[in-house]
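Following: one structure in structure tokens, then a few remarks.
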Amino acid sequence: MLSVRDRELVDAACEAIRRRYRNDWQEVGAALRSRSGQIVTGVNLDAYVGRMGVCAEGVAIGKLVTDLGEIGIDTIVAVRHPRPHEPDQSIRIVSPCGICRELISDYDPEARVIIMGEDGPMVVPVRDLLPNKYSRGAGL
């Protein structure tokens, strides 16, 4: 069960993608709450050259750093807007991709992530989504 503050984040992510949705360009919205309590949103940036695309979570984290000068992430969520031809037009919570899981963890290893569980939305620590996280490690 999500708290009121967690539901507020989901709503902020939904509003971000509703405002900026463009089929095949912007389909995912994200919202995060910083450690200071500020909410920051972002949408994915698609590109003709696939590897140049940026996920919504990365855009939100970039805004956190650039606009607020912070790096701490209390909680983050991503949502996906359906394409026009999909029968269900509901915006849905999606799990962060592997790259975003790494990025979230790099900026705050104690961050919480809202994902869909078997019984609905749930909050998990990012470390639970990222077993055996990459690290630069020590020399051999």
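Residue indices begin at 1 and follow the sequence shown.
Summarising the geometry of Leu45 relative to Gln26, their closest heavy-atom pair is CA-NE2, 4.1 Å, with the distance given to 0.1 Å. The two atoms that bring Gly42 and Ala16 nearest to each other are O-CB, 4.4 Å, heavy atoms only. Smallest separation of non-hydrogen atoms from Gly29 and Ala56: C-CB, 3.8 Å. The heavy-atom pair separating Ser36 from Glu70 by the smallest distance is OG-OE2, 2.6 Å. The two residues Ala47 and Met52 come nearest to each other via the heavy atoms CB-CB, 3.9 Å. Between Val40 and Ala60, the shortest heavy-atom distance links the atoms CG1-O, 3.4 Å.
Ser95 is not listed as a side-chain neighbour of Val113, based on a closest heavy-atom distance of 4.5 Å or more. Contact check for Pro121 versus Arg7: side-chain heavy atoms found under the 4.5 Å cut-off. Between Val65 and Tyr107 the shortest side-chain heavy-atom distance falls below 4.5 Å. No side-chain heavy atom of Gln38 sits under 4.5 Å from any side-chain heavy atom of Asp67. Glu57 has its side chain out of reach of Leu103: every pair of non-hydrogen atoms, C-beta onward, lies at least 4.5 Å apart. By the 4.5 Å heavy-atom criterion applied to side chains, Val43 and Val59 are not counted as neighbours.
Considering Val126, Leu64, Asp108, Leu32 as possible partners of Ile76, the one that fulfils the side-chain contact (heavy atoms from CB on, under 4.5 Å) test is Leu32. Of the options Val77, Leu9, Val10, a side-chain contact (heavy atoms from CB on, under 4.5 Å) to Leu2 is made by Val10 and by none of the others. Under the salt bridge (Lys or Arg N to Asp or Glu O under 4.0 Å) test applied with Glu27, the options Arg18, Arg20, Arg22, Arg83 reduce to a single match, Arg83.
In this structure, the side chain of Arg101 engages the main chain of Leu129 through a donor-acceptor pair within 3.5 Å. The backbone N or O of Ala111 sits nowhere less than 3.5 Å from a side-chain atom of Asp74 that would complete a donor-acceptor pair.
The neighbour count for Leu68 CG, taken as heavy atoms of other residues, nucleotides or ligands under 6.0 Å away, is above 12.
The line from NZ of Lys63 to CD1 of Ile61 is 12.5 Å long, rounded to the nearest 0.5 Å. Between the CD1 atom in Ile114 and the CZ atom in Arg33 there is a gap of 8.5 Å [rounded to 0.5 Å]. The SG atom of Cys14 sits 4.5 Å away from atom CD1 of Ile91, with the distance rounded to the nearest 0.5 Å. The OG1 atom of Thr41 lies 12.5 Å from the CG atom of Asp11; values are rounded to the nearest 0.5 Å.
Tyr21 and His81 have parallel rings, their planes meeting at less than 30° on a 0 to 90° scale where 60° marks the start of perpendicular.
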